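The block underneath contains the structure these notes are about, expressed in structure tokens.
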Amino acid sequence: TGYPAGAVNRTNFPGYEQTNQSGIIAQGSGNWATTASIVLGESSYVNVALDAEIDVVTNLLTVNVEAYYTGSSPQANNKLNVAITQDEIWGPQTGASSFYPENIDPATGLYKHSHMLRYLMTGQWGDPITNTSAGTLFSRTYTYTLPAIIGDVPMDFSKLNIVAFVTETNEKIISAGDGKPVLTNLPNNLEAQMISLTAPDYTCDGVVEPSFNVRNYGAQDITSMRIGYSVNGGSQYIYNWTGGPILPGYNLDITMPLVGFPVAASNELDVTIEKVNG
């Protein structure tokens, strides 16, 4: 009867149903924090863990999942679900300017959506677990060839998350695990690329604090970079960055020290990644 509405843990919470419709699982957003805290206080009889990798040449995603029962389920059969979600998908969002203005791109007015469901590797209701007694270890491997694009949204491998969760039937989630896939088969050992460069408009003061987003396109973790930068062809400044690590296929935002320069009517900032890992 209204939005946003959502279910917490696929579970009915008496007294918290939207518009007091007894027995339904939909709740208004004002109740989510309360009912989620109830779930977090409950014990779980199964531990769920996963690891995942994506071959960037074949687009093949491989997910290994384990569920270990530290106690026995009240249900003879449980179900394992594996979902793929994606972060930083830009699109419309009613009310975003009032409630989450920090997630809006001022240039386009679009909202940054995260944890958006892209695919269920186990179908709508999951794979059956037929032995749910204490001491049981359930393990399974799933594969899926990722599409390059869904609708008009590119499948950015560095923004994907894998979530595995166990339900008692089709409802009541008992436990879950999640993780980001490791990217494999990258063509070069060391390769860094600047994705975007930002220069806040401090030109009236003759100083600027540059920042940029860098992606690791190599097979080796990036832990250091030598970065050169200058404004309007003036003095070359060097920033020796250390940190991370930036994992293969992933991004990081880096802010450089303030730099002063003579102000002109139009000002140009040049930034170069000169060395990676020495």
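Worth knowing before you read on, the calculation uses all heavy atoms, side chains too, and leaves out hydrogens, waters and symmetry mates. Being a predicted model, the structure only gives us computed values, none of them experimental.
- Between the N213 side chain and the S196 main chain, no donor and acceptor come within less than 3.5 Å of each other.
- In this structure, D51 does not pair ionically with K180, as no charged nitrogen and carboxylate oxygen lie closer than 4.0 Å.
- Using a 4.5 Å cut-off on side-chain heavy atoms (C-beta onward), I254 and S211 make no contact.
- Counting heavy atoms of neighbouring residues, nucleotides and ligands inside a 6.0 Å radius, atom CD of Q193 exceeds 12 of them.
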Self-check item: Chi angles and distances behind the side-chain contact (heavy atoms from CB on, under 4.5 Å) call for Q93, L110
Solution: CA-CA 7 Å; Q93 175 60 56; L110 297 177; over 6 Å; no

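- Judged purely by atom type and a 3.5 angstrom limit, N189 has no side-chain atom pairing as donor or acceptor with the backbone of A219.
- A distance-only check finds no donor-acceptor pair linking the side chain of N267 to the backbone of L269 [under 3.5 Å].
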Self-check item: Derivation and outcome, side-chain contact (heavy atoms from CB on, under 4.5 Å), residues L160 and L146
Solution: CA-CA 11 Å; L160 298 185; L146 296 163; 3.9 Å; yes

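- When T145, T62, N185 are each tested for a side chain to side chain donor-acceptor pair (under 3.5 Å) with D55, only one passes: N185.
- N77 places none of its side-chain heavy atoms less than 4.5 Å from the side chain of T132.
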Self-check item: N78 vs Y69, side chain to side chain donor-acceptor pair (under 3.5 Å): CA-CA, chis, key distance, verdict
Solution: CA-CA 11 Å; N78 290 166; Y69 283 79; 2.8 Å; yes

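- Under the 3.5 Å distance criterion, the side-chain polar atoms of T184 are matched with a main-chain donor or acceptor of I54.
- The side-chain heavy atoms of Y142 and T122, taken from C-beta on, include a pair separated by under 4.5 Å.
- Remark: the backbone N or O of G179 is not paired with any side-chain donor or acceptor of N161 at under 3.5 angstrom.
- Side chains of R118 and I150 form a contact here, defined as non-hydrogen atoms less than 4.5 Å apart.
- In the hydrophobic cluster analysis, where Ile, Leu, Val, Met, Phe, Trp and Tyr join through side-chain heavy atoms closer than 4.5 angstrom, V56 is grouped together with L247.
- Note on I273: it clusters hydrophobically with L190, by side-chain heavy-atom contacts below 4.5 Å among ILVMFWY residues.
- Put simply, the side chain of S133 never gets that close to the backbone of S72: no donor and acceptor are under 3.5 Å apart.
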Practice problem: Step by step, work out the side chain to side chain donor-acceptor pair (under 3.5 Å) result for N251 and R215. | Solution: CA-CA 4 Å; N251 294 40; R215 175 167 292 185; 2.5 Å; yes

Practice problem: Check the pair R10 / T167 against side chain to side chain donor-acceptor pair (under 3.5 Å), numbers first and verdict last. | Solution: CA-CA 9 Å; R10 293 186 182 176; T167 59; 4.6 Å; no

Exercise. Output, in order, the C-alpha distance, side-chain angles, deciding distance and verdict of side chain to side chain donor-acceptor pair (under 3.5 Å) for Q27 and T35.
Key: CA-CA 9 Å; Q27 306 173 34; T35 53; 2.9 Å; yes

Self-check item: Worked check of side-chain contact (heavy atoms from CB on, under 4.5 Å) between V65 and V82
Solution: CA-CA 9 Å; V65 186; V82 181; 4.0 Å; yes

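- Residues Y239 and Y229 place their aromatic rings such that the two centres sit no closer than 6.0 Å.
- Counting heavy atoms from C-beta on, the side chains of I89 and M116 come closer than 4.5 Å.
- Of the possible donor and acceptor atoms, one in the side chain of T11 sits under 3.5 Å from a partner among the backbone N and O of N9.
- The backbone N or O of N216 lies less than 3.5 Å from no partner atom in the side chain of E191, so there is not a single donor-acceptor pair.
- Under the 4.5 Å side-chain heavy-atom criterion for grouping Ile, Leu, Val, Met, Phe, Trp and Tyr, F157 is not connected to I222 through any hydrophobic cluster.
- Residues Q75 and T169 meet the side-chain proximity criterion, which asks for heavy atoms closer than 4.5 Å.
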Practice problem: List the steps and the verdict of side-chain contact (heavy atoms from CB on, under 4.5 Å) for S175 and F165. | Solution: CA-CA 6 Å; S175 192; F165 58 96; over 6 Å; no

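- In this structure the side chain of Q86 reaches within 4.5 angstrom of the side chain of D156, judged on heavy atoms.
- Salt bridge R140/D127: present, at least one basic N to carboxylate O contact under 4.0 Å.
- Under a hydrophobic clustering in which Ile, Leu, Val, Met, Phe, Trp and Tyr are joined whenever their side-chain heavy atoms come within less than 4.5 Å, directly or via other members, L80 and L120 fall into different clusters.
- Here the side chains of F212 and I227 are in contact, with some heavy-atom distance below 4.5 Å.
- Tracing side-chain contacts under 4.5 Å through hydrophobic residues (I, L, V, M, F, W, Y), one never reaches L60 starting from L50; they form parts of separate clusters.
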